[in-house]
Colleague: 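Take this structure, written in structure tokens, and hold onto it; I'll ask about it next.
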Amino acid sequence: MDTFFKRIQSKTRLFNPLKDFSLDEIPFEIRYDPLTGETGRVFDTPYRPPDRPDIAEIIQRSREMFCPFCPEALEKSTPLFPKEFIPEGRIKQGNATLIPNLIPFDTYAGVSILSAEHYIGIEDLSPEIMRDAFSAALQFIQKVVGFDPEIQFFSINWNYMPPSGSSLVHPHLQVNCGYIPTNHQRIQIEGCKRYLKENGKSFWQDFINAEKERKERYIAEIGPTFWVMSFSVISD
Ligand SMILES: [Zn+2]
């Protein structure tokens with residue numbers, strides 16, 4: 001068994017109504033996250049995934065309501081950072097504007113508004129729009145590090161459109177920086193420490209080497225970054 005990418009293949013038995021109630025065996029797989037040990041389940045579904053939700057009505061309704069991120073409201077209706085932290089009050093980068101989050105998740109909480117456009121279809125999220133939004137987020141993180149070097153935990157989060165939990169249609173990212181890790185960050189740190197203690201080396205270098213060797217999920221290395229698909233989705 002692959003000790004790095006551990007998976008258990010199993011099956012369940014049933015009389016299957018989709019096969020005239022003949023006795024059937026349906027396979028599934030349990031995968032372990034190589035860092036945290038959390039398990040995820042992988043299986044085929046005999047049902048078609050639901051069609052994309054019809055969001056036209058949500059978009060139309062949102063256009064009729066007040067949107068603080070649209071250009072005519074942004075200056076007057078969104079907060080400013082304290083002058084000693086970010087003298088300009090907000091961070092502007094190309095199409096993107098980063099403002100403080102009125103609903104803070106952490107000590108330093110920013111919202112990177114992708115552009116002046118109220119709605120951007122997922123197919124219209126151009127490389128330039130993504131670059132500007134993430135560059136603004138990165139600038140914010142760098143300013144936090146310069147202003148408060150005790151901050152150790154950073155995350156960039158995105159809920160695209162209300163069906164994924166976003167409160168507003170107008171596309172935006174959330175950037176959170178704080179003293180205390182999120183649960184997911186904490187179990188990753190614990191996993192890194194455990195791996196180092198057991199193996200005497202960094203988990204990440206071994207993980208990158210293992211993914212590159214297998215060529216199953218590896219996408220690319222760009223500069224100092226490594227891109228890969230998940231081996232195990234956290235589903236249970
Ligand atoms: Zn808007």
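Quantities reported herein were computed from a predicted structural model and do not represent experimental measurements. Along the sequence shown, residues are numbered consecutively beginning with 1. First listed ligand is number 1; within each ligand, the first listed atom is number 1.
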Colleague: Relative to each other, are the rings of Y160 and W158 parallel, tilted or perpendicular (30° and 60° limits)?
Modeller: perpendicular

Colleague: Quick one: list whatever passes salt bridge (charged side-chain N to carboxylate O under 4.0 Å, His left out) with K193, sequence neighbours left out.
Modeller: none

Colleague: With sequence neighbours excluded, give me every salt bridge (Lys or Arg N to Asp or Glu O under 4.0 Å) pair touching residues 168-190.
Modeller: R186-E190

Colleague: The Zn ion (ligand 1): which protein N, O or S atoms are under 2.8 Å away?
Modeller: C67 SG, C70 SG, H118 ND1, H170 ND1

Colleague: Distance to the ring centre below 6.0 angstrom and angle to the axis at most 45 degrees; does that hold for R214 and F231?
Modeller: no

Colleague: How are the rings of F85 and F147 set to each other: parallel, tilted or perpendicular (split at 30° and 60°)?
Modeller: tilted

Colleague: How would you list all residue pairs meeting side-chain hydrogen bond (donor to acceptor under 3.5 Å, both in side chains) that involve residues 137-148, not counting sequence neighbours?
Modeller: Q93-Q139, Y108-D148, D148-Y179

